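Scroll down for the structure; my scribbles are underneath it.
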Amino acid sequence: MKLLYVASECAPFVKTGGLADVIGAVPKSLADMGAGVRVMLPAYPALSDLLKSGKALKKYKDLFGGSARLMSVSSQGIDLLLLDAPHLFDRTGSLYIDANGEDWDDNHLRFGALSYAAADVAQGSLKSWRPDLVHIHDWQAGLVPAYLKQSGKPAPPVVMTIHNIAFQGVFPASTLSELKLSKTLFTPDGVEYWGKVSFLKAGLALSDKITTVSPSYANELLTPEFGMGMEGLLKARQGDLSGILNGIDTDVWNPENDSVLPAVYSARALKNKAKSKKAVQKRFGLAPSDGPLFCVISRLTKQKGLDLLVDCLPGLVGRGAQLAVLGTGDKDFQKAFKDASAKYQGSVGTIIGYDEQLSHLLQGGADAILIPSRFEPCGLTQLYGLRYGTIPVVARTGGLADTVIDANEAALVADCATGVQFNPITTQMLDVAIGRTCALFNAGKTWDKMTRRAMRHPVGWESSAQAYHQLYSALVET
Ligand code: ADP
């Protein structure tokens, strides 16, 4: 089976969040099942070195305002198709926003071009390779089925995955002609969304199947609370919607051979985890302490519920615990954690920034990872936490609910607990969860057992890649 993945991020090449980790990992597991995946990605500056060794497969004289090429290159076990369109992607700044923190004003053209070129490939524009199925990810690839539909030519089936419904790619109706979209698609069962163009809506309305990244989030999306305006459409398409849990790349995230850690460790031999803890305490300006060390590795946004955590800091510190925060995002949250680090010097430490290596060290050195998200499609940091024996303390929502087994009395007796959950998602309940975690930590043996159990919990891609494979097979065979 030949599969075309279309996405705006792919680890380890370009990453702002969990989407990249997924796109970088699933193709490898699918390859083990005999499926060949090519990942189509914009050629951002971070990919310029790779681009040099690429082979041009197709040229466009004018792709939404400038010339462009589709380049083929393989790196780190991933076959990439890079859309080299300098007028759209060769610019400094982040993937989606400019230096002032505003969305690039031509984002519709940037990701419209990605979708346009992907539709082209799907319909056989590369003589050497034609996919049996296209899998599009999030709004940035949402227009692929729209372009396929308006071309009227035979097209392969399309699967769309929602990694986070909060991002919908909504633009004024006037962009329709700039995007070379036919007016006939500007209807409620096409790309139209409350009088505007929505890339996400287009993908959800026109793809053959829809998936999201956990079974709980698939259910939540059908409600007004979580569906963010798309719940009606998703309800109408409920029969085509399923939740397939994300996994993690267990080669990249492995405490038994992680070169970032001062000393490796395993579920059998945990002692060396303490060396990482010391390294984290040093790096974050925390005092040497044997109390529980919590960490946060996150975008600092309202979604992640970190305002609740700020309010819980007196209780956390009062229980003799410490907190190390690695994150970047909203200025208010950055300031709140910086201020807390000054107020609780030696107990709370904050590093503002995005640092992949440091995130590995934190997973290695912390005792527990806090994830109080208001909603969480799947979440990956709790899975890394499980793998590294860093107990996840999570809000009971979306994928967090599906991946962490709460250490209630029954679960402890049954020897299956892997973390701590709380609900409702309030400051008060987060404070209770932090208190429960500290008590478990202080119970020594129970904590030790839970840590080893967490590390053995299956978090790889095997079963989910199989679920994707089944979904693709059913579509390709029909
Ligand atoms: P989301 O995609 O909503 O941001 P996920 O938990 O699915 O949340 O994925 C976040 C990914 O980004 C994880 O791989 C996490 O380790 C990483 N990450 C988040 N913030 C940082 C940071 N400041 N530094 C390094 N890695 C980070």
Side-chain angles (χ1 to χ4, degrees), residues 247-250 252-258 260-281 284 286 288-297 316 319-324 326 358-372 379-396 399-422 430 432-460:
I248 63 169
D249 188 328
T250 47
V252 175
W253 293 90
N254 182 1
E256 296 189 34
N257 67 13
D258 191 328
V260 172
L261 307 183
V264 296
Y265 62 91
S266 67
R268 267 168 289 103
L270 256 179
K271 223 172 83 213
N272 277 344
K273 189 164 166 58
K275 293 191 180 153
S276 287
K277 181 167 179 174
K278 281 209 174 79
V280 168
Q281 285 169 327
F284 282 80
L286 302 173
S289 159
D290 292 330
L293 170 59
F294 290 89
C295 76
V296 166
I297 305 164
L316 185 148
R319 292 181 182 100
Q322 295 179 316
L323 173 68
L326 170 64
L358 189 52
S359 74
H360 280 246
L361 180 66
L362 267 175
Q363 291 283 9
D367 297 301
I369 180 160
L370 284 164
I371 313 169
L380 293 176
T381 54
Q382 83 279 14
L383 301 178
Y384 301 136
L386 290 170
R387 179 97 167 132
Y388 281 66
T390 302
I391 295 301
V393 180
V394 304
R396 189 180 305 129
L400 298 174
D402 292 346
T403 51
V404 174
I405 302 169
D406 180 58
N408 55 47
E409 245 174 76
L412 285 172
V413 170
D415 265 340
C416 62
T418 57
V420 173
Q421 292 191 353
F422 68 94
L430 174 57
V432 171
I434 291 170
R436 285 177 60 209
T437 311
C438 291
L440 285 163
F441 181 85
N442 293 328
K445 218 168 163 190
T446 312
W447 183 264
D448 195 63
K449 257 176 105 177
M450 185 156 89
T451 304
R452 290 173 204 272
R453 192 182 306 118
M455 294 181 77
R456 294 192 175 108
H457 191 80
V459 287

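On a predicted model such as this, the values are computed, not experimentally measured, just so you know.
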Are Ile369 and Gln363 close enough, and set up right, to give a side-chain contact (heavy atoms from CB on, under 4.5 Å), and what steps lead you there?
CA-CA 8 Å; Ile369 180 160; Gln363 291 283 9; 3.6 Å; yes
Taking the inter-plane angle between the rings of Trp447 and Phe441 on a 0 to 90° scale, is it parallel (under 30°), tilted (30 to 60°) or perpendicular (over 60°)?
perpendicular
Hey, what's the ring geometry for Tyr384 with Trp253, parallel, tilted or perpendicular (30° and 60° as the breaks)?
parallel
Which residue pairs satisfy the salt bridge (charged side-chain N to carboxylate O under 4.0 Å, His left out) criterion with at least one member in residues 264-279, sequence neighbours excluded?
Lys277-Asp367
Which pair of heavy atoms, one from [X] and one from [Y], lies closest together, and at what distance?
X      : Y      : result
Ala321 : Phe294 : CB-CE1, 3.8 Å
Val280 : Ala324 : CG1-CB, 4.1 Å
Leu361 : Leu261 : CA-CD2, 4.1 Å
Val393 : Ala433 : CG1-CB, 4.0 Å
Leu380 : Gly247 : CD2-O, 3.7 Å
Leu362 : Cys295 : CD2-CB, 3.8 Å

Expected output: side-chain Arg453 to main-chain Ala417 donor-acceptor under 3.5 Å:
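Between the backbone of Ala417 and the side chain of Arg453 there is a qualifying donor-acceptor contact (under 3.5 Å).
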Check whether Asp448 reaches the backbone of Gly444 with its side chain - one donor and one acceptor, N or O, closer than 3.5 Å.
no
Once you round to the nearest 0.5 Å, how far does [atom1] of [X] lie from [atom2] of [Y]?
X      : Y      : atom1 : atom2 : value
Leu412 : Lys449 : CG    : NZ    : 9.0 Å
Leu286 : Gln322 : CG    : CD    : 4.5 Å
Ser266 : Asn254 : OG    : CG    : 9.5 Å

Hey, mind stepping through Asp406 and Arg436 against salt bridge (charged side-chain N to carboxylate O under 4.0 Å, His left out) and telling me if it holds?
CA-CA 11 Å; Asp406 180 58; Arg436 285 177 60 209; 3.1 Å; yes
Begin from the C-alpha positions of Met455 and Leu270 and carry the test side-chain contact (heavy atoms from CB on, under 4.5 Å) through to its verdict.
CA-CA 10 Å; Met455 294 181 77; Leu270 256 179; 3.9 Å; yes
More than 12 non-hydrogen atoms from neighbouring residues, nucleotides or ligands closer than 6.0 Å to CG on Asp290, yes or no?
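It does not: Asp290 CG has 12 such atoms or fewer within range.
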Step by step, work out the side-chain contact (heavy atoms from CB on, under 4.5 Å) result for Ile391 and Leu440.
CA-CA 11 Å; Ile391 295 301; Leu440 285 163; over 6 Å; no
Do His360 and Val252 pass the side-chain contact (heavy atoms from CB on, under 4.5 Å) test, and can you show the C-alpha distance, the side-chain angles, and the key distance before you say yes or no?
CA-CA 10 Å; His360 280 246; Val252 175; 4.2 Å; yes
